[in-house]
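To keep things clear, I will list the structure first and then write my remarks on it.
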Amino acid sequence: MQFKFTAVLLLVIVFIVGCSSQDSDVTEEINIDVSDYFPLIGLERTYIEYGNTGQEEIYNDIVIQEYDKEGNEVIYIHRYGGLIGESVLEYSVTEKEIRLIYRINSLLNKEVNELELSSNKEWFTGDGDDSKSIITGRDLTVKTKAGTFNDVLEVTKIKDSSEPKIVKYYAPKVGVIKTVYLLSSEDEHVYSELESINLDILLGSVDKNKIETNDEKEEIKQQEIIDSKIYVDNRYGFKFQLPFEQSENIKSNYDTWNEKVILKFTYIKEDVEQSLFSIIIDDEVIEQSNWENPMDVYLGNNGVYTFSLSIVPEPSISLIQSGDENILEYVQSIMENMYIVTDSFEMK
């Protein structure tokens with residue numbers, strides 16, 4: 001037993017020394033808050049992927065924030081379409097690092113620990129390929145089909161000399177806007193680039209000074225709150241007046257269910273989480289005379305999408321258990337004012 005314990009101890013020491021030696025090359029820190037380069041919660045992005053033989057594929061993703069049963073924040077990106085297909089990527093985001101911690105796709109469903117972005121000059125990614133990432137450019141201006149982005153961060157990922165380098169460009173509040181494969185010093189392949197962004201954030205939007213609209217593009221699809229009361233969605237073509245004043249406790253996010261897109265509004269404060277209402281977006285055009293869902297309020301169609309309103313009729317258990325009369329009254333006032341949504345709902 002003494003021999004086994006000593007052997008294990010030696011292995012642990014060797015491992016620690018080895019890790020320390022490896023990490024010593026990647027500890028130079030730069031003055032940057034990497035969380036600024038993670039896409040805003042609720043952001044929708046559309047990308048074009050370019051294949052080796054000239055084919056093009058479109059994929060979309062949505063940045064979603066939810067809370068688990070223990071009240072812990074969960075941030076993930078739901079991607080669908082493109083060369084890879086559907087996937088869900090869960091992240092841990094701090095000022096110092098952006099780390100991929102869970103991956104779900106057609107082949108995998110497991111925890112991972114991959115360092116995507118760091119405040120260090122360079123770092124080991126932990127993706128199983130002994131890859132190293134290096135910040136190779138800052139304050140860049142990069143053009144994509146979605147427009148021109150400023151203050152862009154360039155990160156180069158290196159595996160070994162036989163593999164192409166992968167260069168990713170990150171824009172503030174938007175995330176990755178372009179990915180390039182460097183096959184050699186003179187040969188590069190643009191693997192993907194951002195085609196459009198759709199800002200559906202309830203509280204705030206991308207700093208307009210960070211994005212210069214592409215003059216050749218008629219419109220960058222985006223959503224924003226106007227005068228703190230109007231919710232505008234240019235991607236799906238609708239707007240409506242909010243039945244409440246802006247509040248840091250009310251969150252909105254897009255999700256998908258049963259092949260429909262759902263815009264959800266939720267009240268969240270400490271241990272209380274109360275769903276308020278949802279705008280349901282169906283890509284099947286349905287006339288009101290053919291509406292057969294008595295649980296949802298028909299709002300109309302714009303010839304492309306059909307819109308309906310789903311209202312949560314009952315308080316959540318967490319709201320009841322809180323016993324907070326102020327919150328109960330606030331949520332009740334929103335429910336009483338839901339007619340504002342139906343009366344003001346407009347489509348393009």
Side-chain angles (χ1 to χ4, degrees), residues 30-48 59-66 73-79 89-100 115-119 133 135-155 167-180 192-214 217 219-226 228 230-236 246-248 250-255 263-265 268:
I30 58 178
N31 184 23
I32 183 175
D33 182 348
V34 298
S35 66
D36 288 342
Y37 292 89
F38 192 80
L40 290 170
I41 301 299
L43 186 68
E44 293 187 33
R45 304 176 295 184
T46 299
Y47 292 87
I48 301 178
Y59 80 85
N60 303 277
D61 65 23
I62 305 175
V63 185
I64 298 172
Q65 178 190 54
E66 294 182 349
E73 180 184 72
V74 178
I75 298 175
Y76 62 93
I77 297 178
H78 184 187
R79 164 184 168 151
L89 304 174
E90 182 182 347
Y91 288 88
S92 170
V93 182
T94 69
E95 294 180 359
K96 298 293 185 181
E97 63 181 33
I98 297 174
R99 189 176 293 272
L100 176 63
L115 187 53
E116 182 171 317
L117 199 56
S118 172
S119 59
S133 291
I135 294 178
T136 49
R138 295 178 62 185
D139 302 323
L140 304 178
T141 298
V142 176
K143 291 185 177 180
T144 72
K145 290 185 177 296
T148 301
F149 295 82
N150 301 316
D151 297 340
V152 171
L153 198 65
E154 180 187 79
V155 177
V167 182
K168 291 188 176 183
Y169 296 91
Y170 294 81
K173 311 304 181 186
V174 179
V176 177
I177 58 172
K178 181 180 285 189
T179 300
V180 177
S192 67
E193 67 174 314
L194 189 67
E195 183 190 47
S196 66
I197 52 177
N198 187 25
L199 302 181
D200 51 51
I201 302 303
L202 180 60
L203 302 176
S205 60
V206 167
D207 185 350
K208 299 299 189 299
N209 293 325
K210 301 295 184 181
I211 301 178
E212 177 185 56
T213 303
N214 190 336
K217 195 173 183 65
E219 177 184 16
I220 293 181
K221 299 174 183 177
Q222 62 182 23
Q223 300 163 327
E224 58 187 342
I225 299 299
I226 300 177
S228 304
I230 305 298
Y231 191 96
V232 180
D233 183 320
N234 288 325
R235 179 183 179 89
Y236 296 107
Q246 280 195 25
S247 169
E248 62 180 10
I250 296 182
K251 310 294 182 182
S252 69
N253 71 276
Y254 274 79
D255 202 353
L263 168 60
K264 300 189 295 186
F265 289 85
I268 299 173

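Given the structure is predicted, the values throughout are model-derived calculations rather than measurements.
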(message) Using side-chain heavy atoms (C-beta onward) and a distance below 4.5 Å, is Phe149 in contact with Leu194?
(response) yes
(request) For Tyr170, enumerate each residue passing the side chain to side chain donor-acceptor pair (under 3.5 Å) test, keeping only those at least two apart in sequence or located in another chain. (result) Glu116
(request) Could you tell me whether the side chain of Arg79 reaches within less than 4.5 Å of the side chain of Leu89, counting heavy atoms only? (result) no
(message) Return the CD1 to NE2 distance between Ile64 and His78, rounded to the nearest 0.5 Å.
(response) 7.0 Å
(request) Kindly write out the residues that satisfy side chain to side chain contact (heavy atoms under 4.5 Å, CB included) with Thr179, not counting sequence neighbours, or none if the list is empty. (result) Ile166, Lys168, Val176, Tyr181, Tyr191, Ser192
(message) Would you compute the distance between atom CD1 of Ile268 and atom CD of Glu66 and round it to the nearest 0.5 angstrom?
(response) 9.0 Å
(message) Using every non-hydrogen atom in the two residues, find where Pro39 and Ile77 come nearest and quote the distance to one decimal.
(response) CG-CD1, 4.2 Å
(request) Nearest 0.5 Å please: distance from the CD1 atom of Ile75 over to the CD atom of Gln65. (result) 5.5 Å
(request) With sequence neighbours left out, write down each residue that passes side chain to side chain donor-acceptor pair (under 3.5 Å) with Asp33, or none if nothing qualifies. (result) Ser35
(request) Any chance you could measure Arg45, atom CZ, to Leu40, atom CG, to the nearest 0.5 Å? (result) 10.0 Å
(request) Measure the CG-CG distance between Asp36 and Asp151 for me, rounded to the nearest 0.5 Å. (result) 10.0 Å
(request) Identify the heavy atoms of Ile135 and Ser118 that sit nearest to each other, and give their distance. (result) CD1-O, 3.7 Å
(message) Looking at Lys143, is its backbone amide N or carbonyl O close enough to the side chain of Lys178 to form a donor-acceptor pair, meaning the two atoms are under 3.5 Å apart?
(response) yes
(message) According to side chain to side chain contact (heavy atoms under 4.5 Å, CB included), who are the partners of Thr46, at least two apart in sequence or on a separate chain?
(response) Ile58, Asn60, Glu195, Ser196, Arg235
(message) Suppose we screen for salt bridge (Lys or Arg N to Asp or Glu O under 4.0 Å). Which residues come up paired with Glu97, at least two apart in sequence or across chains?
(response) Arg99
(request) Please report the closest heavy-atom contact between Ser119 and Val34, naming both atoms and the distance. (result) N-CG1, 3.7 Å
(request) Could you list the residues that satisfy side chain to side chain donor-acceptor pair (under 3.5 Å) with Glu154, not counting sequence neighbours? (result) Thr136, Tyr169
(message) I'd like to check the ring-ring contact (aromatic ring centres under 6.0 Å, His included) partners of Tyr91; sequence neighbours left out, ordered by chain and number.
(response) Phe38
(message) Quick check for you: to the nearest 0.5 Å, what is the distance between Arg138 atom CZ and Ile30 atom CD1?
(response) 4.5 Å
(message) Is the ring pair Tyr254/Tyr236 parallel, tilted or perpendicular, if the boundaries are 30 and 60 degrees?
(response) parallel
(message) Counting C-beta onward and ignoring hydrogens, is there a side-chain heavy-atom pair between Thr141 and Thr148 closer than 4.5 Å?
(response) yes
(request) Could you tell me which residues satisfy ring-ring contact (aromatic ring centres under 6.0 Å, His included) with Tyr47, sequence neighbours excluded, listed by chain and number? (result) Tyr59
